[in-house]
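Here's the structure we're looking at; comments come further down.
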Amino acid sequence: MTKAAVAVLKLPSLELVESQTALIPTTFPYIPGFLSFREIPALLKVIEKLTIIPDIILCDGQGIAHPRRLGIASHLGVLLNIPTIGVAKSLLIGKHEEVPLEKGSWKPLIDKKEVIGAVLRSRTNVKPIYVSIGHKISLPTALDYVMACLTKYRLPETTRWADKLASDK
DNA sequence: GCGACAG
DNA sequence: ATCTTGTCGC
């Protein structure tokens, strides 16, 4: 089974305004580079349940920082026609300079001479996160939104809420 | 051919 | 992703 969860937060307060979860049979295995084929069916189902259409969606995974520039965030954004941002916990492809240890520092993520995202230090002295545009948004704007969702933890509150919802209930 | 490889 | 206890650092 594959479970998906969504948490809709309001900015700049970051208060939770709505949440949903969905469970469906797994139809595709996890293969690096093909994550969306496994996760998108469940994601579309949870998002259909929302009574609020998000202005922007932060996805757990890459945006265009992908071999074919179509990570899960980009894929979902195209299908929904909603701005999306990829926020991954680890690297799929690309190279980058070392990122200063202070929260807020970041370095461009490069692949084939092309900027495909940003490696962001979301919390001081903690492993960075990988931010890339998904759909209908620029990298600077994507970084602004991701940072607006950060508090005292490595991951944005949106992701933390979704993970929490996906784990229990 | 060898290694790397989102969740 | 998941298996898993205590432990180090702010």
Side-chain angles (χ1 to χ4, degrees), chain A residues 1-7 20-47 56-80 83-135 137 139 142-143 145-146 149-169:
Chain A
M1 292 290 149
T2 292
K3 189 171 188 176
V6 230
Q20 295 290 346
T21 61
L23 188 62
I24 64 170
T26 303
T27 59
F28 200 85
Y30 166 67
I31 300 173
F34 297 87
L35 176 65
S36 60
F37 287 85
R38 171 197 167 100
E39 307 288 342
I40 280 193
L43 286 175
L44 293 177
K45 187 176 178 184
V46 225
I47 294 180
I56 182 170
I57 298 176
L58 275 71
C59 280
D60 197 341
Q62 315 289 348
I64 63 169
H66 177 279
R68 297 173 296 285
R69 305 294 183 264
L70 191 69
I72 191 166
S74 307
H75 198 156
L76 185 66
V78 171
L79 294 179
L80 299 174
T84 57
I85 300 173
V87 180
K89 299 182 291 299
S90 59
L91 183 65
L92 177 58
I93 58 164
K95 303 173 186 172
H96 63 87
E97 297 178 359
E98 286 184 30
V99 183
L101 296 172
E102 299 69 43
K103 173 181 178 178
S105 306
W106 63 273
K107 290 294 181 183
L109 180 60
I110 309 293
D111 179 54
K112 297 175 179 176
K113 302 295 184 180
E114 181 179 359
V115 175
I116 59 174
V119 185
L120 173 68
R121 193 72 70 178
S122 53
R123 178 182 173 177
T124 298
N125 291 331
V126 165
K127 188 209 303 182
I129 58 178
Y130 304 80
V131 177
S132 56
I133 63 173
H135 188 58
I137 195 168
L139 185 56
L143 281 167
Y145 276 105
V146 170
C149 292
L150 293 173
T151 58
K152 57 184 293 193
Y153 304 98
R154 181 168 83 118
L155 300 178
E157 290 304 298
T158 41
T159 303
R160 283 167 38 74
W161 267 111
D163 284 346
K164 191 176 305 177
L165 293 167
S167 65
D168 52 59
K169 187 179 184 181

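Computed from heavy atoms alone, side chains included, the values below leave out hydrogens, waters and symmetry copies. Note on naming: letters A, B, ... go to the chains in the order of the sequence lines (proteins, then strands), and numbering restarts at 1 for each one.
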Starting at atom [atom1] of [X], determine the distance to atom [atom2] of [N], rounded to an integer number of angstrom.
X	N	atom1	atom2	value
A:Tyr130	B:dG7	OH	C1'	15 Å
A:Leu58	B:dG7	CG	P	14 Å
A:Gln62	C:dA1	CD	P	13 Å
A:Ile85	B:dA6	CD1	P	21 Å
A:Phe34	B:dA4	CZ	C1'	15 Å
A:Asp163	B:dA6	CG	C1'	13 Å
A:Glu39	C:dA1	CD	P	10 Å
A:Ile31	B:dA6	CD1	P	12 Å

Below 4.5 Å, heavy atoms only, C-beta onward: do [X] and [Y] meet side chain to side chain?
X	Y	value
A:Leu76	A:Leu44	yes
A:Asp60	A:Leu155	no
A:Arg69	A:Asp111	yes
A:Gln62	A:Ser74	no
A:Val99	A:Leu120	no

Under 30°, 30 to 60°, or over 60°: which ring-plane class applies to A:Phe34 and A:Phe28, parallel, tilted or perpendicular?
-> tilted
Between [X] and [N], is there a side-chain N or O to OP1/OP2 distance below 4.0 Å?
X	N	answer
A:Lys152	C:dC10	no
A:Lys89	B:dG7	yes
A:Ser36	B:dA6	no

Look at the side chain of A:Tyr30 and decide which nucleotide, out of C:dC10, C:dA1, B:dC5, has an atom nearest to it.
->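 From the listed options, B:dC5 comes nearest.
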With respect to the side chain of A:Asn125, which nucleotide from B:dG7, B:dC5, C:dC10 is positioned closest?
->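 Nearest listed nucleotide: C:dC10.
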Mind listing the residues from residues 101-112 of chain A sitting with a heavy atom below 4.0 Å of DNA chain B? Number order is fine.
->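 When residues 101-112 of chain A is checked for heavy atoms under 4.0 Å from DNA chain B, there are no hits whatsoever.
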Considering every strand and a 4.0 Å limit on heavy-atom distances, what is the contact class for [X]: base, sugar-phosphate, or nothing?
X	result
A:Leu91	sugar-phosphate
A:Phe37	nothing
A:Gly33	base

For the residue pair A:Leu109 and A:Ala65, what are the closest heavy atoms and their distance?
->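 That closest heavy-atom pairing would be CD2-CB, 3.9 Å.
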